[in-house]
2 protein chains.
Amino acid sequence: MQLTLHTDYALRVLIYLAMHPNQRVTITELSTFFNISRNHLVKVVHNLGLKGFIQSVRGKNGGLYLSRSADQIRVGEVVRQMEANFHIVECFNPQKQGVCPIQGKCKLTSLLCRAKEQFLKELDGTLLSEVLLNK
Amino acid sequence: MQLTLHTDYALRVLIYLAMHPNQRVTITELSTFFNISRNHLVKVVHNLGLKGFIQSVRGKNGGLYLSRSADQIRVGEVVRQMEANFHIVECFNPQKQGVCPIQGKCKLTSLLCRAKEQFLKELDGTLLSEVLLNK
DNA sequence: TATAAGATGTATTTTAAATACATCTTTAAA
DNA sequence: TTTAAAGATGTATTTAAAATACATCTTATA
């Protein structure tokens with residue numbers, strides 16, 4: 001069980017932007033700092049923009065910045081929005097309905113649902129501004 | 001974020017065995033019932049045996065049964081044992097140490113660790129005997 | 001108006017997971 | 001004591017999702 005690198009990278013981008021407020025940060029700067037494929041970061045950044053977490057300015061002297069300040073962004077919200085396949089098991093996937101013969105009768109489903117909620121609840125309790133770097 | 005089908009199948013196997021106590025259940029029976037590749041189930045069953053959840057009897061009239069009764073098996077224990085890559089993000093993976101430049105300073109790590117524990121804690125609170133089928 | 005920035009669509013590569021195949025070992029019934 | 005039914009185990013292949021690469025377009029400002 002793991003989050004995708006896409007979500008992981010999204011969190012890193014937000015942390016970096018939060019630590020450089022009142023600045024326009026370029027994708028190239030992020031890519032160099034984190035040593036991540038620039039092309040991949042472009043997708044992550046684009047997605048963060050679509051989900052409303054960041055704003056971008058095109059053209060010369062352009063770059064990225066947080067839409068809201070870091071103390072207005074809950075970590076759980078980022079993970080919920082960025083993680084595409086949040087289906088803990090097969091029967092949670094809308095495209096796999098009816099595959100498992102005990103679906104609907106099996107009580108694992110509601111348990112796993114509660115477990116997932118506990119996971120997210122913990123993340124909802126923390127703000128982006130609280131996970132910035134020590135020292 | 002999802003559990004592997006391997007873990008999913010393991011849970012299904014345990015549920016089936018729990019619902020057929022005092023019997024020897026064959027892999028073929030499980031494979032037919034769940035409509036799962038028999039070859040894949042063989043691996044899952046083997047792994048469940050290695051982890052001590054089930055016993056197997058080879059030869060004619062052989063089959064599988066639970067090592068402990070269903071009210072002695074916690075769901076969280078099964079997930080912990082069966083899920084191979086339980087690394088929520090890159091920096092949890094022992095083989096990816098030092099890749100992320102903010103590792104060690106970033107406070108996301110401990111947060112994600114707590115979230116993972118909350119997820120498992122919820123599963124630890126439920127016994128296999130409690131997730132059997134309704135009706 | 002040239003250039004530096006992001007936007008966007010498509011293609012390719014990589015990796016882990018899932019599945020398939022082959023053969024070996026064990027056990028009990030005929 | 002032989003045969004068939006069961007699991008054990010190692011290897012190879014396939015699949016699918018994720019990650020990465022490539023190409024081109026749009027925007028903004030110095």
Side-chain angles (χ1 to χ4, degrees), chain A residues 1-10 12-13 17 23-32 34-65 67 82-90 93 95-96 99-100, chain B residues 1-10 12-13 17 23-32 34-51 53-67 82-90 93 95-96 99-100:
Chain A
M1 191 171 84
Q2 53 193 59
L3 298 172
T4 60
L5 265 185
H6 188 91
T7 302
D8 191 350
Y9 289 170
R12 295 188 207 179
V13 166
L17 295 185
Q23 290 180 39
R24 287 180 186 174
V25 175
T26 66
I27 296 182
T28 300
E29 180 180 348
L30 287 164
S31 157
T32 301
F34 286 112
N35 196 29
I36 290 173
S37 150
R38 187 179 181 288
N39 292 298
H40 193 196
L41 259 191
V42 162
K43 311 277 179 178
V44 173
V45 160
H46 180 57
N47 198 202
L48 279 169
L50 289 178
K51 299 293 163 55
F53 293 110
I54 65 178
Q55 298 284 320
S56 62
V57 177
R58 288 183 175 190
K60 218 164 186 173
N61 296 328
L64 316 165
Y65 57 94
S67 298
M82 301 303 290
E83 191 70 13
N85 291 346
F86 223 138
H87 311 306
I88 306 294
V89 285
E90 190 178 71
N93 186 340
Q95 301 187 312
K96 293 287 175 67
V99 171
C100 179
Chain B
M1 192 171 83
Q2 52 193 64
L3 299 173
T4 60
L5 267 184
H6 188 91
T7 301
D8 191 350
Y9 289 170
R12 295 188 206 178
V13 166
L17 295 184
Q23 292 178 37
R24 287 179 186 173
V25 175
T26 67
I27 296 181
T28 299
E29 179 180 347
L30 288 164
S31 157
T32 301
F34 286 111
N35 196 29
I36 291 174
S37 150
R38 188 180 181 285
N39 293 297
H40 192 197
L41 259 190
V42 162
K43 310 278 180 181
V44 173
V45 160
H46 181 57
N47 198 202
L48 279 169
L50 289 177
K51 299 294 164 54
F53 293 109
I54 65 178
Q55 299 284 321
S56 62
V57 178
R58 287 183 175 191
K60 216 164 188 173
N61 296 329
L64 316 165
Y65 57 94
L66 293 180
S67 298
M82 301 303 290
E83 191 71 12
N85 290 346
F86 223 138
H87 311 306
I88 306 293
V89 284
E90 189 178 72
N93 185 340
Q95 302 189 311
K96 293 286 175 68
V99 171
C100 179

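Values reported hereafter were calculated over all heavy atoms of this structure, with side chains retained and with hydrogens, waters and symmetry mates removed.
In terms of heavy atoms, B/Gly62 sits closest to B/Arg24 at O-CB, 3.9 Å.
Neither OP1 nor OP2 of D/dA6 sits under 4.0 Å from any side-chain N or O of B/Ser56. For C/dT19, the OP1/OP2 oxygens have a side-chain nitrogen or oxygen of B/Tyr9 closer than 4.0 Å. Contact annotation: A/His6 does not reach the phosphate of D/dA18 (side-chain N/O to OP1 or OP2, under 4.0 Å). The phosphate of D/dG7 (OP1 or OP2) has a side-chain N or O of B/Arg38 nearer than 4.0 angstrom.
Side-chain N/O atoms of A/Thr7 and A/Thr4 include a donor and acceptor closer than 3.5 Å.
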In B/S/- notation (B base, S sugar-phosphate only, - none; protein heavy atoms under 4.0 Å), nucleotides 22-30 of chain C written 5' to 3' is ---BBBSS-

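Residues that satisfy the side chain to side chain donor-acceptor pair (under 3.5 Å) test with A/His46, not counting sequence neighbours, are absent from this structure.
In this structure a side-chain-to-backbone donor-acceptor pair under 3.5 Å is missing from A/Gln2 to B/Val89.
Atoms CG (A/Leu5) and P (C/dT14) sit 16 Å apart, rounded to a whole Å.
Taking for each of A/Lys43 and A/Leu64 the nucleotide of DNA chain C with the nearest heavy atom, the 5'-most of the two is the partner of A/Leu64.
The CD atom of A/Glu90 sits 6.0 Å away from the CG atom of B/Asp8 when rounded to the nearest 0.5 Å. Between the CZ atom of A/Phe53 and the CG atom of A/Leu17 there is a distance of 12.5 Å, given to the nearest 0.5 Å.
For A/Ser37, counting side-chain heavy atoms from C-beta on, the closest listed nucleotide (D/dA19, C/dA7, D/dA21) is D/dA21.
In DNA chain C, consecutive stretches of 3 or more Watson-Crick or G-U wobble pairs with both distances under 3.5 Å are given as paired ranges: C:1-30 with D:1-30.
Among the protein residues, A/Gly49 comes within range of no part of the nucleic acid, since none of its heavy atoms lies under 4.0 Å from any strand.
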